[in-house]
2 protein chains.
Amino acid sequence: MDRKRSKAMSDMEQADAPPYHLQLARMFAERRKADLDAPLCPVRDVLDRVGDKWTMLVLIALAERPRRFSEVNRTIPDISKRMLSQTLRTLERDGLVLRSVFPTNPPSVEYRLSELGRTVFEPLTMLVRWVERSHDAIGTARKQYDTSP
Amino acid sequence: MDRKRSKAMSDMEQADAPPYHLQLARMFAERRKADLDAPLCPVRDVLDRVGDKWTMLVLIALAERPRRFSEVNRTIPDISKRMLSQTLRTLERDGLVLRSVFPTNPPSVEYRLSELGRTVFEPLTMLVRWVERSHDAIGTARKQYDTSP
DNA sequence: CTGTATCCTCATAGATACTG
DNA sequence: CAGTATCTATGAGGATACAG
């Protein structure tokens, strides 16, 4: 709180920044009064999507290249058409995915990442890397917890 | 796939690395055959937690300093004891949170982040920043989607 | 204070059938 | 092919009561 901090560094840099857990704590401390747990909280809003069963898989399915509805379905075999449709619609509504209809016969519809959609992959990749770095430690912790008293 | 890439740079650096969405796409492409959608997939496993209703809020509640059970409860007023207890237990089991019982009377129990627990905040902060950068764009996209045909 | 046990409800996703 | 409509079932989470 009262630690001296050199302000001489580029303030884009995190050279002397507080550790991440304290950064986040402060971000949320300021926000709490108003809307942390409110349904409007944009962070919760996005976190809910990230954590939901299909959104991530659908985004990843579209990461490499645009795909048609049934292509995506084949990429994720155990998603129902209902859920795939709903997930894609939400992603389109949020502007992460673009939808193009080609009036061929039979009709074909192509889904692709938007510019904004591509940008999610940066933080997401960070998260996946954390998982890869940590999942051994987590596994060990679980084993230990489960075999304890 | 076959683009020339200078290997002269530090391979810790991402100077000439492919964009994140392609990185992730490849990570998962390799993994898909085995266990992408399997319940064992560690990424899905963690993502489920990140997206669940309370885990993030509890972690943030513990970010600044250790807290007792009822302190956390006051920090997150709308969580039930049942859910708080369950969330804390899961976090403890995963080794992200440490639990210390002090045999005072009445008993007091303190929860705090483990070393591993603190490390989650780096990727999480990235994600929160992405939300802050993007939520205007998302809001605009939604408004447009909702007022369209 | 720090939980657990039990019951109950409501939302979400799966299955199935149908349509442009 | 690309969806929507309807129905049902499962399970997460709230309420309440109780316990160490």
Side-chain angles (χ1 to χ4, degrees), chain A residues 37-39 41 44-58 61-62 66-94 97-112 145-146 148-149, chain B residues 37-39 41 44-59 61-62 66-94 97-112 145 148-149:
Chain A
D37 41 30
C41 171
R44 282 231 57 78
D45 188 47
V46 170
L47 249 30
D48 285 350
R49 296 216 197 305
V50 168
D52 102 357
K53 200 171 175 185
W54 302 117
T55 300
M56 280 290 306
L57 295 179
V58 170
L62 298 176
R67 288 181 198 271
R68 297 174 55 178
F69 186 88
S70 40
E71 273 187 280
V72 179
N73 209 152
R74 272 189 296 277
T75 307
I76 312 170
D78 52 342
I79 191 174
S80 64
K81 283 190 298 182
R82 182 177 129 79
M83 281 299 105
L84 179 54
S85 171
Q86 186 177 313
T87 304
L88 284 167
R89 208 179 320 124
T90 302
L91 287 169
E92 189 199 354
R93 186 172 107 97
D94 286 353
V97 159
L98 301 171
R99 177 178 182 272
S100 314
V101 182
F102 301 104
T104 56
N105 190 331
S108 84
V109 180
E110 186 188 82
Y111 293 90
R112 66 187 189 282
Y145 184 96
D146 292 342
S148 279
Chain B
D37 42 28
C41 170
R44 281 234 56 79
D45 189 48
V46 170
L47 248 30
D48 285 351
R49 296 217 194 307
V50 169
D52 102 357
K53 200 172 175 184
W54 301 117
T55 300
M56 280 291 306
L57 295 178
V58 170
L59 282 174
L62 297 176
R67 289 181 198 271
R68 299 174 54 180
F69 186 88
S70 40
E71 274 186 281
V72 179
N73 209 152
R74 273 190 295 279
T75 306
I76 312 171
D78 51 343
I79 191 174
S80 64
K81 283 189 300 182
R82 182 176 128 78
M83 280 301 105
L84 179 54
S85 172
Q86 188 179 116
T87 305
L88 284 167
R89 208 179 323 122
T90 302
L91 287 169
E92 189 200 355
R93 186 171 106 96
D94 287 354
V97 159
L98 301 171
R99 177 177 182 273
S100 316
V101 182
F102 301 104
T104 57
N105 188 333
S108 84
V109 180
E110 186 188 82
Y111 294 91
R112 65 187 190 284
Y145 184 96
S148 280

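Lettering follows sequence order; numbering is per chain, from 1.
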Chemist: Each nucleotide N or O in nucleotides 3-5 of chain C that has a protein N or O under 3.5 Å away: list the pair and distance.
Modeler:
unit_1 : atom_1 : unit_2  : atom_2 : d
dG3(C) : OP1    : R99(B)  : NH2    : 2.5
dG3(C) : OP2    : Y111(B) : OH     : 2.5
dG3(C) : N7     : K81(B)  : NZ     : 3.2
dG3(C) : O6     : K81(B)  : NZ     : 2.5
dT4(C) : OP2    : S85(B)  : OG     : 2.6
dT4(C) : OP2    : R89(B)  : NH2    : 3.2

Chemist: With respect to T90(B), which candidate in D94(B), T87(B), L88(B) satisfies the side chain to side chain contact (heavy atoms under 4.5 Å, CB included) definition?
Modeler: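 For T90(B), the side chain to side chain contact (heavy atoms under 4.5 Å, CB included) test succeeds with only one of D94(B), T87(B), L88(B), which is D94(B).
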Chemist: State which residues pass side-chain hydrogen bond (donor to acceptor under 3.5 Å, both in side chains) with S70(B); sequence neighbours excluded, sorted by chain then number.
Modeler: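 Checked S70(B) against side-chain hydrogen bond (donor to acceptor under 3.5 Å, both in side chains); zero matches.
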Chemist: Have a look at the helix from dC1(C)-dG20(D) to dG20(C)-dC1(D) and give the angle its two end axes make, five pairs each, rounded to 10 degrees.
Modeler: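 For the helix from dC1(C)-dG20(D) to dG20(C)-dC1(D), the axes at opposite ends meet at about 50°.
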Chemist: Figure out the CZ/C1' separation between R49(A) and dT12(C), and round it to whole Å.
Modeler: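 Taking CZ of R49(A) and C1' of dT12(C), I get 14 Å after rounding.
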Chemist: Atom CZ of R99(A) and atom CG of L91(A): how far apart are they, to the nearest 0.5 Å?
Modeler: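 If I round to the nearest 0.5 Å, the distance is 13.0 Å.
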Chemist: Identify, with sequence neighbours excluded, every residue that meets side-chain hydrogen bond (donor to acceptor under 3.5 Å, both in side chains) alongside R67(A).
Modeler: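 Not a single residue meets the side-chain hydrogen bond (donor to acceptor under 3.5 Å, both in side chains) criterion with R67(A).
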Chemist: Name the one of R82(A), K81(A), R89(A) that satisfies side-chain hydrogen bond (donor to acceptor under 3.5 Å, both in side chains) with S85(A)?
Modeler: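 For S85(A), the side-chain hydrogen bond (donor to acceptor under 3.5 Å, both in side chains) check succeeds only for R89(A).
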Chemist: Got a sec, which residues hit salt bridge (Lys or Arg N to Asp or Glu O under 4.0 Å) with D52(A), two or more places apart in sequence or on another chain?
Modeler: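 Listed in chain order: nothing, the list is empty.
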Chemist: What is the separation between atom CG on N105(A) and atom P on dT19(C), rounded to the nearest whole Å?
Modeler: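 Rounded to whole Å, this separation is 18 Å.
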Chemist: Please find the earliest and latest nucleotides of DNA chain D, in the 5' to 3' direction, that have an atom within less than 4.0 Å of any heavy atom of chain B.
Modeler: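 Listing 5' to 3', DNA chain D meets chain B from dG13(D) to dG20(D).
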Chemist: Measure the spacing between CE of M83(A) and OG1 of T55(A) and express it to the nearest 0.5 Å.
Modeler: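 Output value for this atom pair is 10.5 Å.
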Chemist: Measuring to OP1 and OP2 of dT12(C), would you say a side-chain N or O of W54(A) lies under 4.0 angstrom away?
Modeler: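 No, outside the criterion.
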Chemist: Once rounded to the nearest 0.5 Å, what's the spacing between atom CZ of F102(A) and atom CZ of R68(A)?
Modeler: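 Answer rounded to 0.5 Å: 9.5 Å.
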Chemist: Grab the CG-P distance between D52(A) and dA11(C) for me, whole Å please.
Modeler: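 Value for this atom pair: 18 Å.
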Chemist: First locate atom CZ of R112(B), then atom CD of E92(B), and finally report the distance between them rounded to the nearest 0.5 Å.
Modeler: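 Spacing of CZ (R112(B)) from CD (E92(B)) equals 10.5 Å.
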Chemist: If I take atom CD1 from residue I79(A) and atom CD from residue Q86(A), how far apart are they, to the nearest 0.5 angstrom?
Modeler: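 Going from CD1 on I79(A) over to CD on Q86(A), the span is 9.0 Å.
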